[in-house]
Amino acid sequence: MKWLSGLPIRLVNRAYSPSNENMKKIAIIGSTGSIGRQALEVIGAHRDKLKVVALAAGKNSLDELAQQINVFAPDIVSVPNGQAAGDLRALLNNTKIKLDILVGEEGLEAVATHSESNLLLTAIVGFAGVKPTLAAIKKGKTIALANKETLVAAGSIIMSLVKEKGTKIIPVDSEHSAIHQCLSGYAISDIRHLWLTGSGGPFRTWNQKQIDNATVKDALQHPNWSMGKKITVDSATLMNKGLEIIEARWLFDFDPRKIKVVIQPQQILHSAVEFCDGSIIGQFGLPDMKLPIHYALFYPHRAEFADGPRLNLCELNSLTFETPDYDRFPCLKIAQEVAKEDSTAACVLNSANEIIVEAFLQERIRFKDIPVSLMRVLDKHNRVASPDLEDILEADLWARDEAAAILKAMV
Ligand code: NAD
Ligand code: MG
């Protein structure tokens with residue numbers, strides 16, 4: 001602080017001035033979703049340190065993408081197809097912003113690998129994240145990873161490429177962000193268990209009969225988080241926690257049998273690390289995804305978050321913990337078993353789950369059909385051990401077809 005005429009004048013921090021190379025230049029795939037939007041809020045609050053250079057979004061969100069373009073002026077954007085590109089151009093008709101509008105898988109990859117960016121935020125949902133994430137790692141980009149499905153489906157391929165290219169994945173998923181923070185300075189060999197916390201979802205206190213009859217509306221009513229529909233249904237089945245075990249396994253190169261799940265309904269403890277000496281370190285905060293997003297965007301630095309969510313420990317009444325109920329939530333057990341394998345089973349679990357959840361959201365199947373149909377797909381799958389990318393791409397297509405056929409036979 002420098003004093004002039006008795007008034008404090010804040011000096012501009014040159015290390016973070018926009019023209020300086022320390023400015024983070026960010027590409028986002030999935031910018032119009034729950035994570036993408038919150039990331040842009042964080043970036044908007046730190047425009048002297050963070051800059052958006054490329055955006056990609058899916059269908060049905062062009063109005064929002066146009067608004068984002070007007071506010072953040074990226075160099076390039078990508079949309080799913082030519083029709084969407086034309087519609088976007090029309091929406092931007094009156095603006096003077098110069099940008100390239102790209103389309104399809106190639107456009108998505110161009111955004112992920114944009115030469116101006118040094119960080120890619122993967123906020124896209126599902127297996128669609130695999131190829132652009134791989135392309136970005138090949139170009140040496142740091143990845144802020146929200147798109148857990150990419151690590152679930154192709155964890156070993158992604159992590160070995162990260163190693164080869166000497167780049168990093170910074171988790172955005174709140175549990176993995178918590179563990180990343182708790183691990184700071186420790187070796188994996190110091191750890192006895194990773195503890196993933198979960199809210200328990202909207203059906204935590206429901207009995208089996210109530211769960212069996214749960215509607216789409218019931219499943220979309222998450223007690224703590226406002227998220228995209230797919231992950232919200234995964235949170236209701238507890239598949240989300242199962243996918244997170246697989247995500248953690250690859251991200252931290254950790255024995256999946258030593259990854260534990262505990263239900264923490266208040267969602268204040270975001271996850272914890274138990275060390276070999278018995279000590280447990282946890283990360284606490286309000287249940288707000290802007291916190292792990294902020295952490296990932298600024299890593300390895302900590303930055304002030306003036307209007308960010310703040311937890312006052314004196315106002316906490318209680319923190320409670322429960323063992324997950326595998327009988328009422330069989331998807332967690334199914335994923336926990338698959339997590340032990342290094343095979344195409346995780347990709348099949350993930351891709352089949354995407355199809356099955358979509359069918360539930362369209363009210364073509366009941367909530368209780370989700371684990372049943374998943375098990376049927378997995379039972380029919382001929383695993384390939386230590387899969388390469390081709391095996392994964394093949395398993396993805398197979399799982400989608402198989403899940404669709406099983407669902408068709410069910411209804
Ligand atoms: P969402 O459905 O709200 O948003 C998905 C975004 O991806 C949208 O912008 C959509 O337009 C875009 N998209 C979808 N398919 C696309 C395609 N083929 N090409 C280009 N863009 C495409 O989802 P979300 O809740 O933001 O979740 C995103 C990812 O983050 C998921 O993998 C989810 O598991 C993970 N995640 C989300 C949360 C959360 O709080 N929402 C928390 C932890 C992890
Ligand atoms: Mg999570």
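These numbers come from the heavy atoms of this one structure, side chains and all, not from hydrogens, waters or symmetry mates. Counting convention: from 1, in listed order, for ligands and their atoms alike.
The CG atom of Asp255 lies 10.0 Å from the NZ atom of Lys340; values are rounded to the nearest 0.5 Å. In this structure, the separation between CD1 on Ile365 and CD on Glu358 is 10.5 Å, given to the nearest 0.5 Å.
Within the listing of ligand 1, atoms 26 (O), 30 (O), 37 (C), 38 (C), 39 (C), 40 (O), 41 (N), 42 (C) sit less than 4.0 angstrom from a heavy atom of Ile35. Less than 4.0 angstrom separates some heavy atom of Glu149 from each of these atoms of ligand 1: 31 (C), 32 (O), 34 (O). With ligand atoms numbered from 1 in the order given, ligand 1 contributes 32 (O) to contacts under 4.0 Å with heavy atoms of Asn147. Below 4.0 Å from some heavy atom of Ser61 lie the following atoms of ligand 1, by number and element: 11 (O). Ligand 1 places these atoms under 4.0 Å from at least one heavy atom of Ala146: 30 (O), 32 (O), 35 (C), 36 (N), 44 (C). Distances below 4.0 Å separate heavy atoms of Ile231 from the following atoms of ligand 1: 25 (O), 33 (C), 34 (O), 36 (N), 37 (C), 38 (C), 42 (C), 43 (C), 44 (C). Listed by number with element, the atoms of ligand 1 under 4.0 Å from a non-hydrogen atom of Thr32 are 8 (C), 9 (O), 11 (O). Listed by atom number, the atoms of ligand 1 under 4.0 Å from Met227 heavy atoms are 25 (O), 39 (C), 40 (O), 41 (N).
Within Glu175, OE1 is the N, O or S atom that lies nearest to the Mg ion (ligand 2). No other N/O/S atom of Glu244 lies as close to the Mg ion (ligand 2) as OE2 does. Closest N/O/S atom of Asp173 to the Mg ion (ligand 2): OD1.
In this structure, atom 34 (O) of ligand 1 lies nearest to the protein heavy atom Lys148 CE, 3.3 Å. The nearest heavy-atom contact from the protein to atom 18 (N) of ligand 1 is Ala128 CB, 4.0 Å. Closest to atom 25 (O) of ligand 1, if we only count protein heavy atoms, is Gly228 N, 2.8 Å. Nearest protein heavy-atom contact of atom 41 (N) of ligand 1 is Ser34 OG, 3.1 Å. Looking only at heavy atoms of the protein, atom 4 (O) of ligand 1 is closest to Gly33 CA, 3.1 Å.
Contacts with ligand 1 closer than 4.0 Å are made by side-chain heavy atoms of Met289 only, the backbone lying farther away. The proximity of Lys229 to ligand 1, defined as any non-hydrogen pair under 4.0 Å, does not occur for either the backbone or the side chain. For Ala56, no heavy-atom contact with ligand 1 is shorter than 4.0 Å. By the criterion of a heavy-atom distance under 4.0 Å, neither the backbone nor the side chain of Thr122 is placed next to ligand 1. With a 4.0 Å cut-off on non-hydrogen atoms, Ile124 touches ligand 1 through its backbone as well as its side chain.
With hydrogens and angles left out, the side-chain atoms of Gln208 and Asp212 include a donor and acceptor closer than 3.5 Å. Looking only at atom types and distance, the side chain of His180 has a donor-acceptor partner in the side chain of Tyr295 under 3.5 Å away. When only modelled atom types and interatomic distance are considered, Thr32 and Glu64 share no side-chain donor-acceptor pair under 3.5 Å. Side-chain contact, Ser177 with Gln181: a donor N or O sits under 3.5 Å from an acceptor N or O. Judged purely by distance below 3.5 Å, without hydrogens or angles, the side chains of Ser351 and Asp396 pair a donor atom with an acceptor atom.
Classified by interplanar angle (parallel below 30°, tilted 30° to 60°, perpendicular above 60°), the ring pair Phe275/Tyr186 is tilted.
Close to ligand 1: Asp173, with a non-hydrogen atom less than 4.0 angstrom away. Using a non-hydrogen distance threshold of 4.0 Å, Ala57 registers as a contact of ligand 1.
By the 3.5 Å distance cut-off applied to N or O atoms, Leu108 is not counted among the residues near ligand 1.
Looking at heavy atoms from C-beta onward, Thr167 lies out of side-chain contact with Ile143 at the 4.5 angstrom threshold. The shortest side-chain heavy-atom distance between Asp342 and Arg249 falls under the 4.5 Å cut-off.
Taking only non-hydrogen atoms, the option from Ser177, Pro292, Gly58, Gly104 nearest to atom 11 (O) of ligand 1 is Gly58. Proximity annotation for atom 6 (C) of ligand 1: of Ala123, Ser226, Gly36, Ala123 comes nearest, heavy atoms only.
With Ser271 contributing its side chain and Thr197 its backbone, the two residues share a donor-acceptor pair below 3.5 Å.
You'll find the ring centres of Phe203 and Phe367 inside the 6.0 Å limit.
A salt bridge links Lys230 with Glu149: the closest approach of a Lys/Arg side-chain nitrogen to an acidic carboxylate oxygen falls below 4.0 angstrom.
Taking each heavy atom of Arg366 and Phe360 in turn, the nearest pair found is C-CD1, 3.9 Å.
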*Could you walk me through whether Glu354 and Asn350 pass side chain to side chain donor-acceptor pair (under 3.5 Å), step by step?*
CA-CA 6 Å; Glu354 287 184 28; Asn350 179 67; 3.2 Å; yes
